[in-house]
Amino acid sequence: MRIVENTKNKIYKSNIFLAVLCALAGLILLFVFDFHLESNDDTLLRSVMCGDYTGTPDAHLVYILYPLGLVFKGLYLLAPIIPWFERFLVVLFLASIYFIGSSFEKGRFTILFLIMSIMLGPLVINQYTQTAGIAIAAALFCFKRKRSIPGAVLLALSFLLRKEVCLAMLPLLGFILISYIAKKELKKHIIPVLCAFAVMGISVAIDSYAYSSPEWKEFKAYNEARTDVFDYNNFPEYGKNIDFYNEIGISAEEYTALAEYDLSLADHDTDTFIAMAEKQKSIIKEWNRFSNPYKRALKAALLAFFENIKTLRGFFACAMLVIGFAVAITDAVRNRKKIPGKLVQILITGGYFVAFIGLFAALGRLPERILFGVNMMAILSGLDVVWNVMVEKRASGIISRIYAFGALVIAVAVFSFQAVRVHAELKAMEEKGAAILEIKDKIASDPNSIYFLEANLYKSCGAKMGEKTGNNKGSLYDPANCVKSSDWLYNSPLMKQRYDNLGITGPFDTTSRKKIYYIVPSGLNFEYIDSIVSEKGVDISVISVVDLLK
């Protein structure tokens, strides 16, 4: 009887068994939900690396570092039918969850299920920035749990996938290194950390060399200026700054095009975006003269923080940090003889809480997906303390079983809620997908024409849309005569190469095609498009999605 019990315990504690369970959960989710790409950005990345965009696979992915892009390029050249990018995102996501779960000694399957329940949405509807977020969160958690080798691997992968997300959270590694120093364990773990930093440094050097040509340098400057306007500062309001826009040569119609992110219609250079960013900064600076900048910064931080906790992950993050901090203090009081060691735990947990709010103060203006890893690390930090004190330290006691059972109940409830929400979201995506696939058929049926997809249209339909076979499926770049009106590759060497493949020199070159169409969402007023193209002397037919589907 004891032999059977010991065997069960060995299986239960086996990392191999946990990995199999994690992979099995992934397969079940694949068949129940299917995996999708969340945004048009992910679709664009895949289109570049698999060759849809220019005709041949390319490693210039701009936001994904070049060394990882080279790996994807090689894989698509080797076996183009396999959706390597999507599979990589899912495997990295599941591996991150696995390393989180395997770091616990007791109740690891409950932990695995709880984390997977909270992360169900971004796991099934995947986005590369969020995947980088959970990878860096899992890396930091592995370091915190003294598993430095998997932590170093996840750290490097997160950096290669989206360095901005990794760098935003990297200061949190300082709290972990402080705990290593306090416990005199730094020598045991410093080599993997240094190796990860070495890989990161080499990757940046290779990436810099890959974009060192004049064409790519010019695009990088343009893209940074565009990002400064669209993602960080926004651009000055037109009605209050008409003289400024007249000075830099932007009409009311072109301003509307910029607001709709149609860069091909409002075709302006790097200096224009720099001027807009500087103007907006001067407006903010002038406004600050008449208000207390510290109060304004505090208000912005609090608003960003409270907006975050309205989401499920944000609520869990805040709750787990508060509970974890309270549990750490209570445990220290009850174990007065060990207060010096407990004090380190309190300071670390409290430090995470302060850093959590501080990061939202600094990054609150960025998209929520950039802050994904911050939320994830907050959840793990609080959960780590609670689980360590309430479950792992109590071994087989009845109290620990009650806490573990409570966590399981919460996991089931969260999973049920998430499953319903994800199902509804996927259903809406599939309905959009059916219409877009029909549009694609219409586009491809007229090879003597060029079709431009208006920015808002492709932003709403950039996902994989549930198609399971072929790396080209779900991509809006399939037809040889289809162009998106704008994306973050606009003005890049890759876009110029795409124009060359289409036999045109730019978005309004009508010399080589009989017809040019501009496809827009139905039910919206797009008179500004007619006005802009008329000024350019180009004959473009603006048609709605409804018209195209007739």
Side-chain angles (χ1 to χ4, degrees), residues 22-23 25-50 52 61 63-64 68-69 71-72 75-76 82-100 112 115-139 154 157-162 164-166 311-313 367-376 415 418-419 421-430 432-433 458-476:
C22 198
L27 289 174
I28 292 172
L29 292 175
L30 174 64
F31 286 106
V32 173
F33 294 106
D34 194 5
F35 292 115
H36 292 64
L37 294 175
E38 182 192 47
S39 72
N40 55 290
D41 287 349
D42 302 274
T43 306
L44 179 57
L45 285 168
R46 180 187 61 186
S47 299
V48 172
M49 66 180 70
C50 76
D52 283 350
L61 305 176
Y63 295 110
I64 294 177
L68 185 57
V71 173
F72 284 126
L75 290 172
Y76 278 109
I82 298 176
W84 294 105
F85 180 55
E86 296 96 310
R87 295 296 175 259
F88 170 79
L89 293 180
V90 172
V91 169
L92 181 56
F93 210 110
L94 289 173
S96 299
I97 294 175
Y98 159 75
F99 282 116
I100 292 169
L112 189 72
I115 299 299
M116 195 167 288
S117 299
I118 297 171
M119 296 294 108
L120 181 62
L123 173 58
V124 172
I125 307 174
N126 213 309
Q127 208 275 338
Y128 80 108
T129 303
Q130 292 182 339
T131 303
I134 192 172
I136 181 61
L154 291 171
L157 287 174
S158 173
F159 186 79
L160 286 165
L161 187 59
R162 190 72 195 267
E164 293 84 358
V165 174
C166 181
T311 65
L312 181 66
R313 287 188 299 276
E368 188 272 338
R369 60 181 177 269
I370 296 289
L371 298 165
F372 182 89
V374 181
N375 277 324
M376 191 65 222
F415 183 85
Q418 291 277 65
R421 185 185 64 81
V422 169
H423 176 73
E425 192 170 343
L426 289 178
K427 186 177 180 181
M429 287 171 62
E430 287 171 1
K432 286 182 181 179
Y458 76 74
K459 280 185 178 180
S460 65
C461 59
K464 189 183 173 189
M465 303 168 190
E467 297 182 84
K468 298 181 179 67
T469 56
N471 61 290
N472 291 337
K473 300 298 183 181
S475 171
L476 297 179

Report task. Give the minimum heavy-atom separation between A132 and R162, together with the two atoms involved. Result -> CB-CB, 3.7 Å
Requested in this report: Mark yes or no for whether Y76, through its side chain, and W84, through its backbone, hold a donor-acceptor pair below 3.5 Å.
Outcome: yes
Query - Residues that F72 engages under ring pair (Phe, Tyr, Trp, His ring centres under 6.0 Å), provided they are two or more places apart - result: F85, F88
**Report entry** Side chain to side chain, L94 and L123, heavy atoms closer than 4.5 Å
**Finding:** yes
Requested in this report: Grab the two heavy atoms, one from A419 and one from L120, that are nearest each other, plus how far apart they are.
Outcome: N-CD2, 3.7 Å
Requested in this report: Might you point out which heavy atoms bring I136 and G133 nearest each other, and give the distance in Å?
Outcome: CG2-O, 3.1 Å
Query - Closest heavy-atom pair and its distance - I64, L160 - result: CG2-O, 3.6 Å
Report task. Decide yes or no for M119 and M376: does some side-chain heavy atom of the first lie under 4.5 Å from some side-chain heavy atom of the second? Result -> yes
Query raised in the report: Counting distance only, does the side-chain N/O of Q418 pair as donor-acceptor with the main-chain N or O of I118 below 3.5 Å?
Result: yes
Requested in this report: Would you mind reporting whether I134 and F93 have side-chain heavy atoms less than 4.5 Å apart?
Outcome: yes
**Report entry** Test log, rule side chain to side chain contact (heavy atoms under 4.5 Å, CB included), inputs L161 and L89
**Finding:** CA-CA 9 Å; L161 187 59; L89 293 180; 4.1 Å; yes
Query - Atom of L112, atom of C22 and distance for their closest heavy-atom approach - result: CD1-SG, 4.3 Å
Report summary line: For L61 and G69, the nearest pair of non-hydrogen atoms, with its separation, is CD1-CA, 3.7 Å
Query - side chain to side chain donor-acceptor pair (under 3.5 Å) partners for T131, two or more places apart - result: N126
Report task. Would you indicate whether the side-chain heavy atoms of M116 and L29 approach each other to under 4.5 Å? Result -> yes
Report summary line: Residue set satisfying side chain to side chain donor-acceptor pair (under 3.5 Å) with Y98, at least two apart, ordered chain then number -> none
Report task. Could you tell me whether a side-chain N or O of S158 sits under 3.5 Å from a main-chain N or O of L154, the two making a donor and an acceptor? Result -> no
Query raised in the report: Quick one: OG1 on T129 to CG on D41, what's the gap to the nearest 0.5 Å?
Result: 7.5 Å
Report task. Measure from the side-chain N and O atoms of D52 to the backbone N and O of R46, and report whether any donor-acceptor pair falls under 3.5 Å. Result -> no
